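In what follows, a single structure is set out as structure tokens and then discussed.
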Amino acid sequence: MATPYVKKIQPFDAEKDYEITLSWTGNRATANRILIYDHETGARIFDDTVSTYLLKHKIPAHTLVNGKKYWIQAQIYDVQSTPSPLSDKVQFYTFETPDFYFENIPESSVIETSSFTASMHYYSPDWENIDKYIFYLYDASKKKLRDSGEITDRDNILYNYKGLDNNTVYYLRCTGVTENGMELDTGYIEVTVKFENPNQYARIYATPIPSQGCIQVASNLVIIQYNGTDTFEYIDGMIDLRDKTLYYDGGFLIKDDFTVLIRGINLWQNTELFKMSNGSLDLTLSSRIYQDGQLRFKLLVPNGASHYLLYSDPQVFENEDMITVAIRRKNNVYQLKVFVELRSDTEGNIWYGTERPNRKLIQDNDAWIDTEGTTHVAMENDYTLFLDNAEPLHAILDDLWLGGE
């Protein structure tokens with residue numbers, strides 16, 4: 001009697017129903033049976049028989065566990081209910097569906113330039129690396145206009161959509177495959193391109209002066225000078241303003257729309273970070289740490305005879321992380337955005353949270369502590385951190401040893 005064959009099974013999410021396909025060349029099938037085994041223990045996890053003429057079999061959701069490796073066999077019953085031999089074992093994996101989405105599309109879905117660098121958020125709880133991916137651009141009828149071609153850079157899942165037409169609706173999409181074959185798809189994401197074409201824009205202006213036989217060169221860049229008496233240090237290209245104030249009181253005036261970027265580290269504090277004033281209207285950016293362990297940036301902005309407040313989303317970051325706070329005014333409407341760049345330059349970092357840190361941030365001897373559920377609290381000043389391959393000889397309760405063979 002013929003032996004059935006289990007067709008290749010791509011990794012799938014065990015929390016969802018999944019249907020496998022069988023191949024059979026014998027008499028007409030009236031039923032089939034599948035048996036699933038745990039790869040590590042060899043224990044039989046699932047043994048199920050269904051009456052069907054179709055060579056398909058469903059594995060119900062929650063039958064298996066994500067993040068594991070399994071083996072499967074199949075058996076066919078023909079019209080006389082005669083069972084076939086068991087098929088060869090086929091290996092497969094189960095993984096939780098990774099997070100895979102565009103992380104920087106504006107909330108309004110409006111793109112205000114003719115080019116847009118799309119950035120993807122990818123996170124797999126099972127640390128299943130993405131293997132390759134493709135970005136697509138579609139018109140308003142979802143007809144494909146172009147694609148990026150296959151990309152394999154795991155660390156920077158980016159693509160620059162160029163040459164976008166003004167006042168036009170597009171659909172963006174990204175598909176990918178993980179290293180073990182799980183398929184990813186963002187679906188069609190609708191965006192509208194709408195931007196202003198400035199009449200004049202240049203960083204440098206050149207004006208010929210024939211009577212003098214020369215060209216006058218001017219720039220729209222303004223150089224401003226600090227006039228105080230304090231001295232400042234520059235560390236890694238940044239000015240150290242801890243316990244100091246830097247101010248400029250002349251040299252330029254912003255009359256119309258603007259965007260200001262405040263960028264720095266060591267911003268986990270309760271303080272006023274930045275002020276602007278033209279003598280009659282003020283703008284103040286401050287930060288506050290709340291009792292729930294999260295920080296919000298607050299923008300106090302002018303609005304005619306009164307003031308109103310803007311608050312950022314709750315933030316959680318380390319002092320070593322690079323923080324960018326963007327303040328924008330357009331047509332007297334203000335926006336406040338915060339961007340966090342995680343920094344990890346040394347070994348022995350401790351990562352807290354329910355989401356595993358990105359692999360490119362992890363250094364030797366780093367540790368990740370999953371804070372979901374009940375955890376034991378160890379205050380930073382109450383333990384010693386040992387970074388060595390040899391187990392420490394004088395460790396006490398709450399000490400941490402990162403390393404070893």
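Keep in mind it's a predicted model, so treat the numbers as computed, not measured.
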[atom1] of [X]: more than 12 outside heavy atoms within 6.0 angstrom?
X      : atom1 : value
Glu19  : CD    : yes
Lys69  : NZ    : yes
Lys275 : NZ    : no
Gln91  : CD    : yes

I need the [X] [atom1] to [Y] [atom2] distance, nearest 0.5 Å.
X      : Y      : atom1 : atom2 : value
Thr21  : Lys8   : OG1   : NZ    : 14.0 Å
Thr63  : Glu15  : OG1   : CD    : 12.0 Å
Lys298 : Ser286 : NZ    : OG    : 4.5 Å
Leu295 : Asn270 : CG    : CG    : 7.5 Å

Quiz prompt | Worked check of side chain to side chain contact (heavy atoms under 4.5 Å, CB included) between Glu112 and Lys330 | solution = CA-CA 13 Å; Glu112 298 180 341; Lys330 187 171 183 180; 4.3 Å; yes

Quiz prompt | Residue pair Asn180, Thr178: steps toward the side chain to side chain donor-acceptor pair (under 3.5 Å) verdict | solution = CA-CA 5 Å; Asn180 281 302; Thr178 68; 5.9 Å; no

Practice problem: Would you check, one step at a time, whether the test side chain to side chain contact (heavy atoms under 4.5 Å, CB included) holds for Phe116 with Ile105? | Solution: CA-CA 9 Å; Phe116 175 68; Ile105 291 179; 4.2 Å; yes

Quiz item: Stepwise, does the side chain to side chain contact (heavy atoms under 4.5 Å, CB included) test hold for Glu272 with Leu285?
Solution: CA-CA 6 Å; Glu272 288 188 347; Leu285 176 70; over 6 Å; no

Has the side chain of [X] got a donor or acceptor atom that lies under 3.5 Å from a matching backbone atom of [Y]?
X      : Y      : result
Thr25  : Ala2   : no
Ser277 : Asp282 : no
Thr271 : Leu273 : no
Asp78  : Ser81  : yes
Ser84  : Ile76  : yes
Tyr133 : Asp153 : yes
Asp292 : Gln294 : yes
Asn166 : Phe195 : yes
Asp257 : Val333 : no
Ser287 : Gln269 : yes

Quick check: closest heavy atoms across [X] and [Y], and the distance to 0.1 Å?
X      : Y      : value
Asn27  : Trp24  : O-NE1, 2.5 Å
Gly181 : Gln10  : O-OE1, 3.1 Å
Leu184 : Val177 : CD1-N, 4.5 Å
Asp165 : Tyr170 : N-OH, 3.0 Å
Ile265 : Glu320 : CG2-O, 3.9 Å
Asn104 : Ser119 : OD1-N, 3.0 Å

Report yes or no: is the cationic atom of [X] (NZ for Lys, CZ for Arg) closer than 6.0 Å to the six-membered ring centre of [Y], at no more than 45° off its axis?
X      : Y      : value
Lys244 : Phe232 : yes
Arg288 : Tyr290 : yes
Arg28  : Tyr53  : yes

Practice problem: Report the C-alpha separation of Arg173 and Asp185 in whole Å, then their side-chain angles, then the decisive distance to 0.1 Å, and conclude whether the salt bridge (Lys or Arg N to Asp or Glu O under 4.0 Å) test is met. | Solution: CA-CA 8 Å; Arg173 183 186 177 199; Asp185 194 337; 2.6 Å; yes

Quiz item: Does the pair Tyr334 and Leu283 meet the rule for a side chain to side chain contact (heavy atoms under 4.5 Å, CB included), with working shown?
Solution: CA-CA 11 Å; Tyr334 288 80; Leu283 178 154; 3.8 Å; yes

Would you call [X] and [Y] a side-chain contact if the rule is heavy atoms closer than 4.5 Å?
X      : Y      : result
Ile36  : Phe92  : yes
Met120 : Thr186 : yes
Val325 : Leu336 : yes
Val193 : Asn167 : no
His57  : Asp48  : yes
Ile72  : Tyr37  : no
Val6   : Leu22  : yes
Tyr188 : Lys142 : yes

Going by distance alone, is a donor N or O of one side chain under 3.5 Å from an acceptor N or O of the other, for [X] and [Y]?
X      : Y      : answer
Asp126 : Ser124 : no
Asn32  : Gln75  : no
Arg296 : Ser312 : no
Asn66  : Asp13  : yes

Quiz item: Which of these passes side-chain contact (heavy atoms from CB on, under 4.5 Å) with Tyr70: Ile59, Ile9, Leu64?
Solution: Leu64

Self-check item: Verdict with supporting geometry, Lys68 and Asp38, salt bridge (Lys or Arg N to Asp or Glu O under 4.0 Å)
Solution: CA-CA 8 Å; Lys68 298 196 67 173; Asp38 186 296; 2.4 Å; yes

Quiz item: Can the ring centroids of Tyr138 and Tyr171 be said to lie less than 6.0 angstrom from one another?
Solution: no

Practice problem: Hey, can you tell me if Tyr161 and Phe135 have their rings parallel, tilted or perpendicular (30° and 60° cut-offs)? | Solution: perpendicular

Exercise. May I ask you to decide if the ring planes of His121 and Tyr101 are parallel, tilted or perpendicular, using 30° and 60° as cut-offs?
Key: parallel

Quiz prompt | Trace of the side chain to side chain donor-acceptor pair (under 3.5 Å) decision for Gln73 with Ser87 | solution = CA-CA 5 Å; Gln73 287 181 293; Ser87 69; 5.5 Å; no

Practice problem: Report the C-alpha separation of Lys144 and Asp147 in whole Å, then their side-chain angles, then the decisive distance to 0.1 Å, and conclude whether the salt bridge (Lys or Arg N to Asp or Glu O under 4.0 Å) test is met. | Solution: CA-CA 8 Å; Lys144 190 179 87 169; Asp147 65 62; 2.9 Å; yes

Exercise. Show your reasoning for whether salt bridge (Lys or Arg N to Asp or Glu O under 4.0 Å) applies to Arg154 and Glu179.
Key: CA-CA 11 Å; Arg154 297 176 177 178; Glu179 60 186 358; 3.7 Å; yes

